[in-house]
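Down below is the structure, laid out as structure tokens.
Numbered from 1 within each chain, the chains take letters A, B, ... in sequence-line order.
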There are 2 protein chains.
Amino acid sequence: MTITMRDVARASGVSLMTVSNVINGRPGAVGTETRLRVLEAVDRLGYEVNLTARRLRNGRTGAIGLIVPRFDHPYFGELEARLARELAKSGRHLSVEQSGASAEGELAALSHARIATYDAVLLSVVGLHYDDVDKLRTSVPIVLLGEQSMPSRFDHVQLDNEGGAHLATAHLIDKGARNVLIVGGEEDGPESMTATRTRGWERAHADAGLTPRRDGVLPLPELEIACAREEVRKRLAETPEIDGIFAITDQVAIGVLAGIHDARLRVPEDVQVVGFDNLALGEHITPGLTTIDPSHDWMVKKAVELIDQRIAGEDVPPQHLVSPGALVVRGSTKA
Amino acid sequence: MTITMRDVARASGVSLMTVSNVINGRPGAVGTETRLRVLEAVDRLGYEVNLTARRLRNGRTGAIGLIVPRFDHPYFGELEARLARELAKSGRHLSVEQSGASAEGELAALSHARIATYDAVLLSVVGLHYDDVDKLRTSVPIVLLGEQSMPSRFDHVQLDNEGGAHLATAHLIDKGARNVLIVGGEEDGPESMTATRTRGWERAHADAGLTPRRDGVLPLPELEIACAREEVRKRLAETPEIDGIFAITDQVAIGVLAGIHDARLRVPEDVQVVGFDNLALGEHITPGLTTIDPSHDWMVKKAVELIDQRIAGEDVPPQHLVSPGALVVRGSTKA
DNA sequence: CTGAAAGCGCTAACAA
DNA sequence: TTGTTAGCGCTTTCAG
């Protein structure tokens with residue numbers, strides 16, 4: 001059967017508490033000789049702590065939870081990797097769960113019960129509804145991560161959607177595009193990521209003294225590659241004068257590039273493209289994808305600082321941090 | 001403070017056990033009227049079970065662990081998504097951790113203590129060493145997932161590396177390629193994924209009555225896009241007669257395509273390319289990536305069957321399942 | 001159908 | 001420096 005502290009205590013002829021003290025390396029709480037004896041027993045028996053019991057007792061594990069809408073978007077994969085790296089610095093580890101995407105029941109990831117499993121939770125709110133998040137009541141610190149507008153009682157690290165979209169669109173205009181589509185955009189929506197970026201696209205036109213095309217917003221039922229590809233192909237067949245596309249995410253941009261190719265047009269000669277997110281992949285597709293870099297590292301660092309602050313019990317008002325975007329120019333726009 | 005069963009019991013004037021019975025929906029263990037009273041209290045107080053306590057007591061959570069070498073490879077993202085979907089069918093959920101990639105300490109993900117946190121663990125063994133895995137001693141069921149050759153005492157679902165590589169290479173030869181590189185290959189290695197696929201590449205040549213190029217194996221320090229791109233570019237400059245490339249993974253294939261483009265050659269006219277994995281992305285890059293599909297869904301289904309079998313305590317000998325690969329033809333090879 | 005007692009493995013607080 | 005006591009919140013006996 002599984003070996004407990006009790007076994008180790010018996011084997012080394014000390015009390016439970018002494019074993020606990022050794023295991024947790026409490027400074028100067030146990031004599032060198034005893035410690036050695038205990039460690040020997042630990043080794044011989046192959047004892048390892050029961051994290052579940054420890055957690056029940058003192059409420060701490062080294063586990064931080066990250067809840068993403070879905071596992072299979074590279075955007076989240078990159079986010080996960082960055083966070084894991086940042087947390088590793090302080091000896092904690094990341095455990096990732098999925099909230100959305102699949103069936104209804106997956107909202108269970110947001111349940112108090114599951115959240116309470118972690119020392120703190122980072123919640124990627126893309127695709128989540130305000131109300132779902134607003135329902136969360138828990139003593140576990142939660143930090144929101146992402147673009148949506150969300151209940152202000154939470155700490156929130158987000159990126160400057162409107163500014164980034166403005167930057168992207170302005171770059172297209174600057175490079176000569178005069179018929180610029182926003183693929184994945186949304187007019188008159190709520191404060192969603194898509195609506196906010198669409199506003200940036202509009203404002204960039206206005207600031208350049210232009211008016212966006214009437215039919216300039218090409219909404220997508222889903223921000224998926226296949227979907228973007230299909231819609232763009234159809235659209236370019238109808239309105240071949242399109243010479244610039246702001247894709248609302250890099251993921252969408254991949255589909256946009258494929259759609260342009262399907263329409264037998266060239267990038268950037270016929271149509272220039274800018275994405276948003278700066279996925280690692282964007283550097284290695286052909287042509288390289290011009291995009292908006294949201295300073296992921298900064299965001300991740302800030303997010304971890306926020307959870308640490310909360311874990312430490314600091315009682316400051318909720319913080320809302322915004323990361324500015326930066327333009328990264330590659331081959332999908334003209335030199 | 002947090003609400004416990006005790007609070008609910010008090011509030012509804014019943015005993016702890018009755019509340020537990022209601023919460024766990026034990027059939028016919030509690031009268032309808034009492035149940036309603038309890039549920040009302042649960043609702044009113046906003047009670048949710050403490051999963052940690054439950055786990056300590058009965059050793060079960062609905063949590064299955066998946067340990068991947070790294071978060072930011074699309075291959076694992078897709079695996080995670082598939083597994084989560086499969087597990088959701090039976091009301092369990094997936095929690096993903098990272099084993100490799102970053103610092104030394106990350107091997108901690110394989111520690112008994114962390115593994116014991118789950119009902120069962122799926123371990124993606126790509127990049128793990130035999131010995132690391134062989135050290136694992138735990139009562140939690142572990143199913144290995146992936147290509148490496150591993151201690152046979154574990155259940156293991158893997159794919160037919162040699163067969164798949166054979167299929168890929170034979171296709172290139174069939175389409176007229178006579179100078180076929182394997183990018184990311186490895187000669188005389190141990191039973192690693194790279195070595196096994198390299199053997200398939202060799203055998204395909206032999207079966208076609210050809211001998212592979214002497215310099216046909218282009219090893220990569222890492223199976224990364226950037227790395228593959230660089231090596232391929234350099235290599236094509238040296239030996240422009242290369243007319244076919246088998247990329248050891250789709251990830252590598254992306255880099256290969258970029259490298260070919262850097263060398264101002266065309267795919268598939270000048271160089272044909274086949275990958276391995278059938279990543280979703282492969283369909284949407286230009287040109288579409290011909291690849292080997294390892295029947296991911298089958299693998300995932302089998303893996304879940306295996307863990308269920310072990311969780312149920314069936315005492316059958318370790319199973320080793322192999323999924324055959326199938327060729328998926330797209331634009332990166334000739335019609 | 002409902003309840004009381006015991007204990008999962010650990011650690012905080014105190015005593016020796 | 002070491003040991004004892006108590007209890008985290010839950011579920012598994014076993015009695016009523």
Side-chain angles (χ1 to χ4, degrees), chain A residues 1-39 41-42 45-63 112-117 119 138-140, chain B residues 1-39 41-42 45-63 112-117 119 138-140:
Chain A
M1 275 314 309
T2 81
I3 298 123
T4 81
M5 262 189 184
R6 208 197 193 85
D7 300 319
V8 178
R10 255 201 293 263
S12 48
V14 297
S15 82
L16 259 178
M17 239 358 255
T18 304
V19 179
S20 175
N21 283 331
V22 171
I23 296 296
N24 293 284
R26 271 186 262 279
V30 54
T32 325
E33 186 200 346
T34 332
R35 154 181 292 111
L36 257 43
R37 201 144 37 91
V38 170
L39 285 177
V42 164
L45 302 180
Y47 167 80
E48 295 202 53
V49 258
N50 181 325
L51 291 177
T52 305
R54 174 184 285 175
R55 176 184 306 166
L56 178 58
R57 187 56 241 236
N58 74 359
R60 285 281 162 90
T61 34
H112 179 27
R114 291 255 295 270
I115 285 180
T117 291
D119 289 354
T138 151
S139 55
V140 174
Chain B
M1 275 310 309
T2 82
I3 297 125
T4 82
M5 263 191 183
R6 208 198 193 84
D7 301 318
V8 178
R10 254 200 293 263
S12 48
V14 298
S15 83
L16 258 177
M17 240 355 261
T18 303
V19 179
S20 175
N21 283 329
V22 172
I23 296 295
N24 293 282
R26 271 187 261 279
V30 54
T32 325
E33 187 200 344
T34 330
R35 153 179 295 110
L36 257 44
R37 201 143 37 91
V38 171
L39 286 177
V42 164
L45 302 180
Y47 168 80
E48 296 201 55
V49 257
N50 181 324
L51 291 177
T52 305
R54 174 185 282 175
R55 177 185 304 168
L56 179 58
R57 186 58 239 230
N58 74 1
R60 286 282 161 89
T61 33
H112 180 27
R114 292 258 292 270
I115 286 180
T117 292
D119 288 354
T138 153
S139 55
V140 175

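To the nearest angstrom, P of C:dG9 lies 15 Å from CG of A:Leu45. Residue B:Tyr47 contributes atom OH, which lies 7 Å from atom C1' of D:dG9 at whole-angstrom precision. Atom-to-atom, CG of B:Leu16 to C1' of C:dA6 comes out at 13 Å; the value is rounded to the nearest Å. Atoms CZ (A:Arg6) and C1' (C:dT11) sit 15 Å apart, rounded to a whole Å. Taking atom CZ of A:Arg37 as the reference point, atom C1' of D:dT1 lies 12 Å away to the nearest angstrom. Between the P atom of C:dC10 and the CG atom of A:Asn21 lies a distance of 14 Å, rounded to the nearest Å. Taking atom CD on B:Glu33 and atom P on C:dC1, their separation rounds to 13 Å, with Å as the unit. One can place CZ of A:Arg60 at 14 Å from P of C:dT11, the figure rounded to the nearest angstrom.
The line from CZ of B:Arg37 to OG1 of B:Thr18 is 9.0 Å long, rounded to the nearest 0.5 Å.
Minimum interatomic distance between B:Thr52 and A:Leu56 (heavy atoms only, all atoms of both residues): CG2-N, 3.7 Å. Considering every non-hydrogen atom in both A:Ile23 and A:Met5, the closest pair reads CG1-CE, 4.1 Å. Smallest separation of non-hydrogen atoms from B:Val42 and B:Val8: CG2-CG1, 3.8 Å. Taking every heavy atom of both residues into account, B:Val140 and B:Thr138 meet most closely at N-OG1, 2.7 Å. Among all heavy-atom pairs drawn from A:Ala113 and B:Leu51, the shortest one is O-CD1, 3.7 Å.
When distances are taken from the side chain of B:Thr4 to each of D:dC10, C:dC10, D:dT2, the shortest belongs to D:dC10. The side chain of B:Leu56 sits closest to D:dG9 out of C:dT2, D:dG9, D:dG3. Here the nucleotide nearest the side chain of A:Met5, chosen from D:dG3, D:dT11, C:dT11, is C:dT11. Considering only the side chain of B:Asn24, D:dT11 comes nearest among D:dG9, C:dT11, D:dT11.
For the pair B:Thr18 and C:dG3, the criterion of a side-chain N or O lying under 4.0 Å from OP1 or OP2 is met. Taking side-chain N and O atoms only, B:Ser20 has a distance below 4.0 Å to OP1 or OP2 of D:dT11. In this structure, A:Thr34 reaches the D:dT2 phosphate: one of its side-chain N or O atoms is under 4.0 Å from OP1 or OP2.
Nearer the 5' end of DNA chain C, as judged by each residue's closest nucleotide, is the contact made by B:Ser15, out of B:Ser15 and B:Ala53.
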Collect all protein-nucleotide pairs involving nucleotides 12-16 of chain C in which both atoms are nitrogen or oxygen and the distance is under 3.5 Å.
none

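B:Arg54 and B:Asn24 share a side-chain donor-acceptor pair at under 3.5 Å.
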